Amino acid sequence: MDRYDAQRIEQKWQRVWEDERAFYVPNPEGPAHLDESKFYMLEMLPYPSGDLHMGHVLNYTLGDVVTHFRRRNGDTVLRPMGYDSFGLPAENAAIREGGHPREITERSIANIGRQMRRLGWAIDWDREVSAHQPEYYRWTQWLFLKFLEAGLAYRKEAPVNWCPNDQTVLANEQVVDGRCERCGAEVEARRLEQWFFRITAYADALLDDHQLLDWPERTITIQRNWIGRSEGAEFLFRVEELDLDIPAFTTRPDTLFGATFFVLSPEHPLVERLVEGTPGEATANEYVRRTAHLTIGERADPERAKTGVFTGRFVRNPANDARIPVWVADYVLMDYGTGAIVAVPAHDERDYAFAQRYDLPVQEVVEPADGEGDGGQAGAFVAHSEGERLVNSAQFSGLPAPEGAKAIVEWLASRGRGRPAVSFRLRDWGFSRQRYWGCPIPVVYCGRCGIVPVPEEDLPVVLPEVDDYRPRGKPPLASNEEWMEVACPRCGGEARRESETMDTFVDSSWYFLRYCDPHDDSVPFERELVDYWMPVDQYVGGIDHAIKHLLYARFFVKVLNELGYVGFREPFQRLFHQGWVRQGGSKMSKSRGNVTAPDELADRYGADAVRLYILFRGPADQDIEWNADDIEGTARFLRRLWRVVGGVAERAPGGVAQPAGPLTQKAHETIARVTDDIGRRFQFNTPIAAVMELVNDLARAPEAPDARFAAETAVSLIQPYAPHIAEELWQRLGHARLWEQSWPAVDPARLERDTFELVVQVNGRVRDRIEVAAKLGEAELVERAKASPRVQAQLDGKEIRRAVVVPRKLVNLVVA
RNA sequence: GCCGAAGUGGCGGAACUGGCAGACGCGCUGGACUCAAAAUCCAGUGCCCCUCGGGGCGUGUGGGUUCGAUUCCCACCUUCGGCACCA
């Protein structure tokens, strides 16, 4: 038997697969060719940053196992790959080291593609797409135009998150703890005119359709919290002197009679008008200016004492007509609710803290069940608890709180001073970026016509060349004057192009649709094709995308569904999050410089060993602490497999397919375990252990008559994990094309045993194990248990009060 | 603070529906082969006690339910995620 030469075997089979186009899946040619057994396997596409890291290896190997498993179970599996190739890292590298972002990106793509092929993943490379190629972003622009036309993309001036380091705006989803999630710089609030997608219009749909999904509960919870739906009411508060109604949202309409003041956000558009001409005007304006200079982190710091100023104005509480003072305070946020709140210090912690600081009155209006109110002095912020009743609330006093809330809203609604309302924490998605390496936004600004979309036939708007990628107060594209100047498509007059580019999350919000029809140059995708392949049957990616990519992509699909371009409402039916690969406790990533390159490992141990190792380490959804020593174990297993199966192949050519015997039985048990683990439990580490057991048994009896069947089964079952060695051994066993073979089937008859090991307990403690015939009845089992000398020693003549029998497992004798 | 997940040998982990805790692997110890090494193979390996038959303890901590609990219930501790002035 020759030595196991991983490099030679892997090169050989990778060439065979490519020559035979083993994993390329053509599109169906018409409705007649559609079959029900399609399976769309997708992993989140990589950002092309130099090299693959072990996190990618985990992600894509996991997808590869599922791909092989589903293929061999008869499914037509679509398993494409592409690159999220626009984005800041390449642009920053170009600024730092020179070169063009495109060159840097394409070099990375070439390298990563080579590394992916080296690991032997079963990918349909014909469907490869890259976000930065005009053939792709042409359609990103086209989709933008559809959104614009539908009123779902719009431009407005708004306070936005500005990263002073990356010199660009960030979406809310890209700000973590007040910092830029990419570079860590503290984010500033700026008022800028920006492009937004109206994702808030889909807030309810995004929540409701969670029920259609087979997703981890924690991911759905994260999305639900992020969307943050709150039910309540909006009431109108009147400023008599100015003949003005100001709406305010509250989730506690039952406490309306307890309002003792009213607060506007500093950004509220009415502030200026309210304070005009009052003695406090200068102070108030100064306060608004000061607030504007706070960073988002500072403003949100709950430790900071609440601040505010009195405007000098009063509003009427619509419930009791009380004249209450209007304040401006930065604890009220402009972009939630209406930017104004009805302050009820007796029943809200924040209002209470503010009232204490500025000596404002506190009025209790809800009493707990026991009637022992605290006069509102604790500022008890409690959601409705059982038995609470309204007090000091005119005709509503005495009502239980939930009924009171409802009654107050109905009453004020009938008088035109209120209505039921819902507020969301979710904000519209700000998607324009003041950077170079992204998809140009296809509009022009015309002095006469305003914002004018670039006509579809003029797409793509090709990303122009610029001399300097550094943003200097304006987007880099604006520096290319020649490109910027353009004739207005509507009136032909002088116009200027949009110089901002799109957030890269726009690119990745529809790539899974393009894979279905990747080369079409007349449409982004044909509806018939996406309706066939979509939704993705199994999506695999990091949970860090729970509220970014996974929310944006759902939004895109919902819009495309409503516009009639796709026939489904959700993109990703089943979702799985692989864990992080950590080193020294932190996530492995290039920016942390703690990457172990898969290349080196593949050179040393072979791709099969790397693939096996990354899945054998533990459950795929848990984090893995990188430990290079352990890969020796999987390499050793592969050598053992090679030797043992190779020996069988040389020794036992053909013969009876499945002779009865312990190895045949073990093989069937292993088939059952592996099939259930991958297919039902989606667990990837234990199948490897099961095959190791089978190989260990085989190694102990390599000359047994059923050795050949055990060897073939082991090779067949390990194929999704270690496809190269499996293919080579399969060939040596006298077969061909294991990747096309049906997944092995369990024969239930082969699982049956004549005897089993009966566990005998006394008072729940194991005292003996006896081999007994499988057909024995309960009484017989109890007799055998009692007869055991070890049990006799424990019984010591005591009375047996009860015997619990678990068929095929154990007998428990309960003694006094 | 609120919400969620998880705590099992020296290490990674297994035990799916309440039924043999520690599968499989790493590491370690001893042995075989070898001039030697690598590779490979065999045996052992939770902790403690032992008259070598076996016995006791043991799945974060403390309770509970049960013939029987890593698994179910209650309380607590620790770690890791998410949210956090959202009215």
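Lettering of chains follows the sequences in order, A, B, ..., and the numbering in each one begins at 1. Every value quoted in this text rests on a predicted model; they were computed, and no experiment measured them.
Each of A:Val176 and A:Phe616 has a nearest nucleotide on RNA chain B; the 5'-most of these lies closest to A:Phe616. If you find the closest nucleotide of RNA chain B to A:Tyr336 and to A:Val759, the one lying nearer the 5' end belongs to A:Val759.
In this structure, the CG atom of A:Leu810 is 13 Å from the P atom of B:rG68, given to the nearest Å. Straight-line distance from the CD1 atom of A:Ile341 to the P atom of B:rA87: 11 Å, rounded to whole Å. Atom CG in A:Asn225 sits about 14 Å away from atom C1' in B:rA5, given to the nearest Å. The nearest whole Å value for the distance from the CD atom in A:Gln683 to the C1' atom in B:rG13 is 10 Å. In this structure, CD of A:Glu693 is placed 12 Å from C1' of B:rA15, rounded to the nearest angstrom. Across the protein-nucleic acid pair, A:Arg801 atom CZ and B:rU66 atom P stand 14 Å apart, rounded to whole Å. A:Gln792 places its CD atom 17 Å from the C1' atom of B:rG54, with the value rounded to the nearest Å. A:Asp623 places its CG atom 17 Å from the P atom of B:rU79, with the value rounded to the nearest Å.
In this structure, B:rU66 makes no Watson-Crick or G-U wobble pair, since no nucleotide meets both defining distances under 3.5 angstrom. Judged by Watson-Crick or G-U wobble contacts below 3.5 Å, the nucleotide B:rA39 has no partner. Figure legend. B:rC16 is base-paired to no nucleotide; pairs are counted as Watson-Crick or G-U wobble with both atom distances under 3.5 Å. Checking B:rG81 for Watson-Crick or G-U wobble geometry (two distances, each under 3.5 Å) identifies B:rC3 as its partner. With a cut-off of 3.5 Å on both Watson-Crick or G-U wobble distances, the partner of B:rG9 is given as none. Under the Watson-Crick or G-U wobble criterion, with both distances below 3.5 Å, B:rC76 is paired with B:rG60. Of the nucleotides present, B:rG44 is the one that pairs with B:rC28 by Watson-Crick or G-U wobble criteria, both distances under 3.5 Å. If you check B:rA23 for Watson-Crick or wobble pairing at under 3.5 angstrom, you find it has no partner at all.
Atom CG of A:Leu781 and atom CZ of A:Phe756 lie 5.0 Å apart (nearest 0.5 Å). Annotation: the span from A:Thr260 atom OG1 to A:Leu360 atom CG amounts to 6.0 Å, rounded to 0.5 Å.
With C1' as the reference atom, B:rC73 and B:rG18 are 13 Å apart, rounded to whole Å. One C1' atom belongs to B:rG64, the other to B:rC28, and the distance between them is 41 Å to the nearest Å. For the C1' atom pair drawn from B:rU71 and B:rU59, the interatomic distance equals 10 Å after rounding to whole Å. With both ends at atom P, the span from B:rA32 to B:rG19 equals 45 Å, rounded to whole Å. Comparing B:rG53 with B:rG63, their P atoms sit 37 Å apart, to the nearest whole Å. Distance noted for atom C1' between B:rU65 and B:rA69: 10 Å (whole Å). To the nearest whole angstrom, the two C1' atoms, one in B:rA23 and one in B:rU34, are 34 Å apart. Rounded to whole Å, the P atom of B:rU61 lies 10 Å from the corresponding atom of B:rG9.
At the phosphate of B:rG25, neither OP1 nor OP2 sits under 4.0 Å from any side-chain N or O atom of A:Asn685. Residue A:Arg767 places at least one side-chain N or O closer than 4.0 Å to OP1 or OP2 of B:rG55. An OP1 or OP2 oxygen of B:rG54 is reached within less than 4.0 angstrom by a side-chain nitrogen or oxygen of A:Arg790. Listed pair A:Arg640 / B:rC41 meets the phosphate criterion, a side-chain N or O lying under 4.0 Å from OP1 or OP2. An OP1 or OP2 oxygen of B:rG19 is reached within less than 4.0 angstrom by no side-chain nitrogen or oxygen of A:Asn812. Within the structure, every side-chain polar atom (N or O) of A:Gln223 is placed at least 4.0 Å from both OP1 and OP2 of B:rC3. One finds no side-chain N or O of A:Arg765 lying less than 4.0 angstrom from the OP1 or OP2 phosphate oxygen of B:rA21. Using a 4.0 Å cut-off, no side-chain N or O of A:Arg700 falls inside it from OP1 or OP2 of B:rC42. Residue A:Ser230 has a polar side-chain atom (N or O) positioned under 4.0 Å from OP1 or OP2 of B:rA87.
A:Glu217 contributes no side-chain N or O that forms a donor-acceptor pair with the base of B:rG4 under 3.5 Å. On a pure distance criterion of 3.5 Å, no polar donor-acceptor pair joins the side chain of A:Asp630 and the base of B:rC26. Between the side chain of A:Arg769 and the base of B:rC20, a donor-acceptor pair under 3.5 Å is found. Between the side chain of A:Lys809 and the base of B:rC20, no donor-acceptor pair under 3.5 Å is found.
Glycosidic torsion of B:rG53 falls within 90° of 0, placing the base in syn. In this entry the base of B:rG9 is syn relative to its sugar, with a glycosidic angle within 90° of 0.
Proximity of the aromatic rings of A:Phe576 and A:Trp215 is defined here by a centroid distance below 6.0 angstrom, and this criterion is not met.
In this structure, the nucleotide among B:rA14, B:rA39, B:rC85 sitting nearest to the side chain of A:Thr686 is B:rA14. Closest approach to the A:Arg617 side chain among B:rG12, B:rC83, B:rA87 is made by B:rG12 (side chain taken as heavy atoms from C-beta onward). Taking only side-chain atoms of A:Asp348, from C-beta outward, the nucleotide of B:rC24, B:rU40, B:rA87 with the closest atom is B:rA87. Between B:rA39, B:rC20, B:rG13, one nucleotide has an atom nearer to the side chain of A:Val766 than all others, and that is B:rC20. Here the nucleotide nearest the side chain of A:Arg218, chosen from B:rA87, B:rG27, B:rG4, is B:rG4. Considering only side-chain atoms of A:Gln622, the nucleotide from B:rA87, B:rG13, B:rG19 that sits closest is B:rG13. For A:Gln761, counting side-chain heavy atoms from C-beta on, the closest listed nucleotide (B:rC83, B:rC16, B:rG19) is B:rG19. Side-chain proximity of A:Arg636 to B:rA39, B:rC67, B:rG27: nearest is B:rG27.
A:Arg419 and A:Glu234 are joined by a salt bridge, as a carboxylate oxygen and a charged side-chain nitrogen come within less than 4.0 angstrom of each other. Using a 4.0 Å cut-off between a side-chain N of Lys or Arg and a carboxylate O of Asp or Glu, A:Asp676 and A:Arg681 do not qualify as a salt bridge. Remark: A:Arg427 does not engage A:Glu173 in a salt bridge, criterion side-chain N to carboxylate O under 4.0 Å.
In this view, A:Asp768 and A:Ser788 satisfy the side-chain hydrogen bond (donor to acceptor under 3.5 Å, both in side chains) rule, not counting sequence neighbours.
The only member of A:Leu236, A:Val342, A:Leu412, A:Ile408 that meets side chain to side chain contact (heavy atoms under 4.5 Å, CB included) when paired with A:Pro318 is A:Leu412.
Aromatic ring pairs are classed by plane angle as parallel below 30°, tilted from 30° to 60° and perpendicular above 60°; the pair A:Tyr552 and A:Trp429 is parallel.
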